[in-house]
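Lettering of chains follows the sequences in order, A, B, ..., and the numbering in each one begins at 1.
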Protein chains: 2
Amino acid sequence: MATGRAHRPATRSRGIPEATVARLPLYLRALTALSERSVPTVSSEELAAAAGVNSAKLRKDFSYLGSYGTRGVGYDVEYLVYQISRELGLTQDWPVVIVGIGNLGAALANYGGFASRGFRVAALIDADPQMAGKPVAGIPVQHTDELEKIIQDDGVSIGVIATPAGAAQQVCDRLVAAGVTSILNFAPTVLNVPEGVDVRKVDLSIELQILAFHEQRKAGEEAAGDAGVVPPVAARKQQPAADQGPDGDVPAVMPA
Amino acid sequence: MATGRAHRPATRSRGIPEATVARLPLYLRALTALSERSVPTVSSEELAAAAGVNSAKLRKDFSYLGSYGTRGVGYDVEYLVYQISRELGLTQDWPVVIVGIGNLGAALANYGGFASRGFRVAALIDADPQMAGKPVAGIPVQHTDELEKIIQDDGVSIGVIATPAGAAQQVCDRLVAAGVTSILNFAPTVLNVPEGVDVRKVDLSIELQILAFHEQRKAGEEAAGDAGVVPPVAARKQQPAADQGPDGDVPAVMPA
DNA sequence: CCATCTTTGTGCACGCGTTCACAAAGACAT
DNA sequence: ATGTCTTTGTGAACGCGTGCACAAAGATGG
């Protein structure tokens with residue numbers, strides 16, 4: 001993963017395995033693309049290819065949701081989009097606050113992928129008084145003092161932390177105390193949270209370090225005289241990447 | 001005692017599990033913080049708490065690297081920092097190119113966590129001719145036309161894609177053709193790459209969707225009359241989540 | 001209605017990762 | 001040296017996730 005998470009041994013969350021949940025957004029993205037092309041149905045094989053996973057895995061994943069396919073035909077795209085959206089809770093609107101409007105925070109505020117998935121940026125918050133009132137992505141930045149009020153007034157349950165590492169735990173505590181129960185953490189720190197609060201972290205530097213490890217390994221084997229794992233550029237044949245799963249990495253931004 | 005240790009006999013990186021590799025950067029971060037506080041040694045229990053993992057897991061992870069601890073004492077911080085850095089390939093400099101200098105690309109260019117870990121931004125690349133020459137994070141943006149030349153001249157093997165989804169595969173193909181063998185992908189698309197090329201992806205929207213799933217589940221259980229997983233705000237008591245130690249707060253390793 | 005063909009849904013086996021629990025190793029005091 | 005105490009390193013058990021392979025289900029055509 002990439003991605004990483006920090007919590008309990010999974011209470012039977014509706015019976016859907018964590019690994020499956022992590023892949024549902026992937027399927028949803030692929031299905032949305034098909035939907036926009038007005039494709040009516042899709043087979044597990046096709047959809048799996050589009051999502052970059054194994055078709056057996058995809059079918060097993062869907063089997064946890066129920067029997068939404070038709071044998072001999074495949075899956076109804078629109079219906080499946082709806083079912084996955086519902087399962088992920090995307091049929092409702094999720095107000096989100098972003099704390100720490102530096103370069104990264106601003107980038108997140110401008111990121112289009114949120115709104116299109118049912119996430120609404122309820123507020124941008126920064127500790128710097130200079131930032132207050134300044135509009136970012138069309139939304140005026142508010143000072144940290146307003147944090148509790150905003151969260152309670154808007155019923156925010158998801159917070160994004162994009163502050164420097166030193167401020168992250170403090171911000172986290174305030175978010176949680178105010179009622180936030182899910183946190184996406186971009187600060188390079190381990191967050192302490194009470195039970196019942198979910199934390200997912202995205203550490204850019206960690207992802208690069210994992211790549212560096214493999215890069216070094218490749219270089220080492222190459223230098224070892226053995227025929228390199230990577231054939232000459234011209235000889236390589238295009239081929240889907242083995243695995244891009246969030247686990248990695250278990251992956252994920254942020255994963256991990 | 002830091003220095004006098006016997007040399008490891010060829011740590012075959014082949015034997016290090018992927019899950020362990022993904023955690024090494026986490027340990028490294030915690031160790032760096034300890035190092036800056038001039039802490040000479042640390043026990044597996046303490047370090048595990050600081051990194052937010054189980055101590056048994058940490059010991060097993062380290063066992064794949066070799067026997068670097070001293071029973072009854074713990075691990076020598078400096079020595080371990082060095083060993084992990086070496087294992088991850090961070091003792092050498094990794095030139096990195098960032099393609100797509102929008103909000104996110106600019107944020108990445110400004111991210112301090114790269115330089116401090118041995119990653120050097122060799123170039124910023126954007127398809128927009130308007131951007132060419134404009135400095136971002138002190139580095140002038142170059143046009144996509146220069147991509148191949150830059151990669152070959154600087155021997156770049158790691159590329160970061162921060163373009164819109166539509167351009168990602170095309171950029172990826174050019175990166176790979178020019179010699180890049182590791183890619184960190186921020187675009188919400190599945191990338192096709194030849195064998196031997198590593199891809200890690202970070203998708204902000206996916207992480208939020210996973211949080212939304214758990215959030216919905218929490219809300220559902222609460223509404224189902226069952227005693228909610230999350231007690232009322234006022235009643236919650238601060239408590240380390242799962243396996244994160246009580247200490248937890250490791251002061252800012254890196255500025256962000 | 002029957003045969004055939006496609007594709008789903010899943011039982012099963014396997015491998016990886018996690019965790020427990022403890023023997024071995026070394027520090028330290030006497 | 002001897003004993004005690006702390007902490008590592010790891011064997012073994014367990015659980016989860018993955019992928020194979022196939023039977024069941026339904027569509028389609030004659």
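- Judged by distance alone, the side chain of B/Glu45 and the main-chain N or O of B/Ser55 form no donor-acceptor pair under 3.5 Å.
- For B/Ser44, whose side chain is taken as the heavy atoms from C-beta onward, the closest listed nucleotide among C/dG9, D/dT8, C/dT18 is D/dT8.
- Atom CD1 in B/Ile16 sits roughly 15 Å away from atom P in C/dC16 (whole-Å rounding).
- Residue-level contact check: A/Ser67 touches the backbone only, with heavy atoms under 4.0 Å from sugar-phosphate atoms and none from bases.
- Closest approach to the A/Ser63 side chain among C/dT19, C/dT10, D/dG9 is made by C/dT10 (side chain taken as heavy atoms from C-beta onward).
- Taking every heavy atom of both residues into account, B/Leu26 and B/Ala51 meet most closely at CD2-O, 3.6 Å.
- Taking atom CG on A/Asn54 and atom P on C/dC14, their separation rounds to 18 Å, with Å as the unit.
- Look at NZ on B/Lys57: it is 17 Å from C1' on D/dG9, rounded to the nearest Å.
- Among the nucleotides C/dT10, D/dG19, D/dT10, the one closest to the side chain of B/Lys60 is D/dT10.
- Mapping B/Ala56 and A/Arg59 onto DNA chain C via the closest heavy atom, the residue that lands nearer the 5' end is A/Arg59.
- The nearest whole Å value for the distance from the CD atom in B/Glu46 to the P atom in D/dT6 is 14 Å.
- Between B/Phe62 atom CZ and D/dT8 atom P the separation is 10 Å, expressed in whole Å.
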Throw together a table of side-chain donor-acceptor distances under 3.5 angstrom for residues 30-37 of chain A, partners on residues two or more places apart or in other chains.
unit_1, atom_1, unit_2, atom_2, d
A/Thr32, OG1, A/Leu28, O, 2.7
A/Ser35, OG, A/Glu78, OE2, 2.6

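- Aromatic ring centres of A/Phe62 and A/Tyr68 lie farther apart than the 6.0 Å criterion allows.
- Between B/Leu47 atom CG and D/dT7 atom P the separation is 14 Å, expressed in whole Å.
- Contacts between residues 68-76 of chain A and DNA chain C, defined by a heavy-atom separation below 4.0 Å, involve A/Tyr68, A/Gly69, A/Thr70, A/Arg71, A/Gly72, A/Val73, A/Gly74, A/Tyr75, listed by number.
- In terms of modelled atom types and a separation under 3.5 Å, the side chain of A/Asn185 and the main chain of A/Thr189 share a donor-acceptor contact.
- Distance A/Tyr64 OH to C/dT10 C1': 10 Å, rounded to the nearest Å.
- Residue-environment remark: CD (B/Gln170) stays at or below the threshold of 12 foreign heavy atoms within 6.0 Å.
- Rounded to whole Å, the distance from CD on B/Glu18 to P on C/dG15 is 19 Å.
- Using modelled atom types, no side-chain atom of B/Gln216 and backbone atom of A/Leu90 make a donor-acceptor pair closer than 3.5 Å.
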